[in-house]
Q: 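One structure, as structure tokens, below. Some questions next.
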Amino acid sequence: MKSVLDELESRRAAARLGGGQDRIDAQHRKGRLTARERVELLLDPHSFEETGMYVEHNCVDFGMAGSKIPGDGVVTGSGTINGRLVFVFSQDFTVFGGSLSERHAEKICKMMDQAIKVGAPIIGMNDSGGARIQEGVASLGGYAEVFQRNVLASGVVPQISLIMGPCAGGAVYSPAMTDFIFMVKDSSYMFVTGPDVVKTVTNEIVTQEELGGAITHSTKSGVADLACENDIEAIFTTRRFFNFLPLSNREAVPFRPSHDDPSRVDMSLDTLVPTNANKPYDIKELIHKTVDDADFFEVQPGYAGNIIIGFGRIEGHSVGIVANQPMVLAGCLDIASSKKAARFVRFCDAFNIPIITFVDVPGFLPGVAQEHNGIIKNGAKLLFAYGEATVPKITVITRKAYGGAYDVMASKHLRGDLNYAWPTAEIAVMGAKGAVEIIFRKDIGNADAIAQRTAEYQAQFANPFVAASKGFIDEVIMPHSTRKRIVIGLRKLRGKQLENPWKKHDNMPL
Ligand code: HXC
């Protein structure tokens, strides 16, 4: 018996060593953790149950028959984060550069299948040179098997990708189909074709970092949701993030008890909106003062700052928050912000997370570039996302809600459940000056007449009461009582039931 146990131990030890101590040391020298260290840090202590430790590749070409490493470059299994089940895979760069073979893919797929079956999130830690070159089409097939499962898992269980090393070619498309991507600065890259190919094809000279580093993807392309300082920060951030998410679309949002008073009022909110309607203010102050314990997890903070998205809790239950940010582009909607918020709203809706929307929006951003790049279709994404969402939706208009953007931002007409406005709200087709310049164009040379008409328009429409008189606003609330009203609203909406008409799926404007 002892010899059998010894053999098991020695096989385990070989698997744990991956591509060998030299490659582990090289990984550490690059400031990166190994695949196993990442799993250990991500999961609760001693909770990891590994599967597929002895899986080996089946390739015999290019001398591969003689170089098999147990586990084949990916560590897979399940464990818990703060006691809640999660399935994980972590690619091992020390084994053939973490490249994806047929068997490596099978391990990931098996784990994903289980996650979908039992209803638990999937977290992938990606550190891979892409398709295992020696295997050719077998590895391409492996990728496609993973992609197929990403699609099937979408909207069923949350999927999170941590990019912790190079990710080229096929290695980027699986993360791209997951719900959230966190990258590590100066250490992780995502591109379809690397700098060398780019130079050959387009003659552009670019570094890996500029082309597909964490800063690029979290500020320019919007591919990544967060750029973390290092592996450890990325993993701890993921643990915190995980606490906001339900395990699946069949589960209620997680509950985390809070001592924050549900009836807490905050008098400072009464002066948050400046008297001058053109002066910006920080909408994050409202968010922080509304959610439990000011604990707000912002997603995509570096991209399309004119809209803020992220998770918080109200009375211990997770909520998604979408807010126009007057500090950036006056909070208007443009292509990037519409796409950013639309995807977030769809995530929340898919996973039964109520959506709180704070509105201060002067409209859609005008401009040739916006029109030529498709603001119509991209703006429609957000409209579509809010319109199809059936989760509880509470909207608070703090100041401007102009034009089409009024409609888009979870208005009553898009089945907003509770639509509140602060007394400072201005709900109109457009700002008074612009409106007067159109409808009283003949008076444009007459400054006094224009000023008078503007004041009239302002008095008539720059308030929440016209909309409230039509029932488009349910109540004009005191800013200081915003949290209290949202608490009561969400309690009321907990039993909400609403279904869209049967369809195979919609055809949202992509
Ligand atoms: C097999 C690979 C590999 C791969 C790296 N290795 N990538 N083995 N298949 N795809 C191996 C290397 O041979 C090396 O082995 C070890 O991993 C470490 O690689 P290095 O190059 O020494 O590391 P580094 O300098 O850090 O560079 C990392 C890298 C580079 C940027 C990822 O290795 C690279 O460019 N790899 C190829 C990327 C690529 O073109 N992949 C195919 C994409 S096509 P030893 O034994 O020396 O340690 C694709 C198609 C899928 O993915 C499409 C689906 C839609």
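Atoms within a ligand are numbered from 1 in the order they appear, just like the ligands themselves. Note that this is a predicted model, so its numbers are computed, not measured.
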Q: Write out the residue and atom name of the closest protein heavy atom to atom 47 (O) of ligand 1, then the distance separating them to 0.1 Å.
A: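 Result: Arg23 NH2, 4.5 Å.
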
Q: Might you work through the side chain to side chain donor-acceptor pair (under 3.5 Å) test for Asp6 and Ser3, ending with a clear yes or no?
A: CA-CA 5 Å; Asp6 286 345; Ser3 67; over 6 Å; no

Q: When you measure from atom 28 (C) of ligand 1 to every protein heavy atom, which one gives the shortest distance, and what is it?
A: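 Sorting protein heavy atoms by distance from atom 28 (C) of ligand 1 puts Phe93 CZ, 3.7 Å first.
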
Q: Among all protein heavy atoms, pick out the one at the shortest distance from atom 1 (C) of ligand 1; state its residue, atom name and that distance to 0.1 Å.
A: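 That would be Gln134 OE1, 3.2 Å.
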
Q: For atom 41 (N) of ligand 1, grab the closest protein heavy atom and report residue, atom and distance to one decimal in Å.
A: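 Looking only at protein heavy atoms, the one closest to atom 41 (N) of ligand 1 is Gly129 O, 2.6 Å.
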
Q: Does some non-hydrogen atom of the protein lie less than 4.0 angstrom from atom 6 (N) of ligand 1?
A: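 Under the 4.0 Å cut-off, atom 6 (N) of ligand 1 does have protein heavy-atom neighbours.
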
Q: Could you tell me whether atom 14 (C) of ligand 1 has a protein heavy atom closer than 4.0 Å?
A: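 No.
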
Q: Relative to the heavy atoms of Leu140, which atoms of ligand 1 are at a distance of less than 4.0 Å?
A: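 Ligand 1 atoms under the 4.0 Å threshold to Leu140: 50 (C), 51 (C), 53 (C).
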
Q: Tell me the protein heavy atom at minimum distance from atom 2 (C) of ligand 1, and give that distance in Å.
A: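 Looking only at protein heavy atoms, the one closest to atom 2 (C) of ligand 1 is Phe96 O, 3.5 Å.
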
Q: Using heavy atoms and a threshold below 4.0 Å, how should the contact between Lys30 and ligand 1 be classified: side chain, backbone, both, or neither?
A: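 Under 4.0 Å from ligand 1, Lys30 contributes side-chain atoms alone.
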
Q: Would the Phe311 and Phe344 ring centres measure less than 6.0 Å apart?
A: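 Yes, they do, as the ring centres are separated by less than 6.0 Å.
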
Q: With a 4.0 Å cut-off, strictly under, does atom 17 (O) of ligand 1 pick up any protein heavy atom?
A: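 Yes, at least one protein heavy atom sits under 4.0 Å from atom 17 (O) of ligand 1.
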
Q: To check your reading of the model: name the closest protein heavy atom to atom 54 (C) of ligand 1, its residue, and the distance in Å.
A: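 That would be Gly170 CA, 3.6 Å.
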
Q: Report yes or no: is the cationic atom of Arg23 (NZ for Lys, CZ for Arg) closer than 6.0 Å to the six-membered ring centre of Phe93, at no more than 45° off its axis?
A: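 Negative - Arg23 is either too far from the ring of Phe93 or too far off its axis.
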
Q: Give the contacting part of Ala131 toward ligand 1: side chain, backbone, both or neither, where contact means a heavy-atom distance below 4.0 Å.
A: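 Within the 4.0 Å criterion, Ala131 contacts ligand 1 through backbone and side-chain atoms alike.
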
Q: Any carboxylate oxygen within less than 4.0 angstrom of a Lys/Arg side-chain nitrogen, looking at Arg346 and Glu388?
A: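 Looking at Arg346 and Glu388, the cut-off is met.
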
Q: Does a salt bridge link Asp127 with Lys30, judged by any charged N lying under 4.0 Å from a carboxylate O?
A: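 Salt bridge: no.
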
Q: Show me the pairs that pass ring-ring contact (aromatic ring centres under 6.0 Å, His included) and involve residues 147-185, at least two apart or across chains.
A: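 Sorted pair list: Tyr143-Phe147, Phe180-Phe241, Phe180-Phe347, Phe182-Phe241.
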
Q: Are there protein heavy-atom neighbours of atom 10 (N) of ligand 1 below 4.0 Å?
A: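 Flag for atom 10 (N) of ligand 1 set to true, protein heavy atom closer than 4.0 Å.
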
Q: Can you tell me the protein heavy atom closest to atom 4 (C) of ligand 1 and the distance?
A: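 So the nearest neighbour among protein heavy atoms is Ser99 CB, 3.5 Å.
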
Q: Answer with yes or no after comparing the ring centroid distance for His104 and Phe96 against a 6.0 Å cut-off, counting only values under it.
A: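 No, ring centres 6.0 Å or more apart.
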
Q: Looking at atom 34 (C) of ligand 1, is any protein heavy atom nearer than 4.0 Å to it?
A: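 False for atom 34 (C) of ligand 1.
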
Q: Taking non-hydrogen atoms only, is Tyr173 closer than 4.0 angstrom to ligand 1 via side chain, backbone, both or neither?
A: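 Tyr173 to ligand 1: no contact under 4.0 Å from either part.
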
Q: Hey, mind stepping through Glu7 and Arg11 against salt bridge (Lys or Arg N to Asp or Glu O under 4.0 Å) and telling me if it holds?
A: CA-CA 6 Å; Glu7 184 184 345; Arg11 279 180 181 265; 2.8 Å; yes

Q: Quick check, are the ring centers of Tyr406 and His413 under 6.0 angstrom apart?
A: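 Yes - the distance between ring centres of Tyr406 and His413 falls below the 6.0 Å cut-off.
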
Q: Do any non-hydrogen protein atoms sit less than 4.0 Å from atom 20 (P) of ligand 1?
A: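 So atom 20 (P) of ligand 1 lacks protein heavy-atom neighbours under 4.0 Å.
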
Q: For atom 31 (C) of ligand 1, which of the options Gly142, Pro166, Ala171 provides the nearest non-hydrogen atom?
A: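 Ranked by closest heavy atom to atom 31 (C) of ligand 1, first place is Pro166.
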
Q: Under 6.0 Å from the CZ atom of Phe62, do we count more than 12 heavy atoms belonging to anything else shown?
A: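 For Phe62, atom CZ is not crowded (no more than 12 foreign heavy atoms under 6.0 Å).
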
Q: What atoms in ligand 1 come closer than 4.0 Å to a heavy atom of Arg132?
A: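 In order of number, 9 (N).
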
Q: Just to verify, what does Lys339 make a side chain to side chain contact (heavy atoms under 4.5 Å, CB included) with, not counting sequence neighbours?
A: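 Scan of Lys339 (side chain to side chain contact (heavy atoms under 4.5 Å, CB included), adjacent residues dropped) gives Ile335, Asn378, Lys381.
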
Q: Quick one: look up the protein heavy atom nearest atom 55 (C) of ligand 1 and list residue, atom name and how far away it is.
A: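 Atom 55 (C) of ligand 1 sits closest to the protein heavy atom Phe147 CE1, 3.7 Å.
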
Q: Side chains of Asp360 and Gln325: any donor to acceptor distance under 3.5 Å?
A: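 Side chains of Gln325 and Asp360: no pair found under 3.5 Å.
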
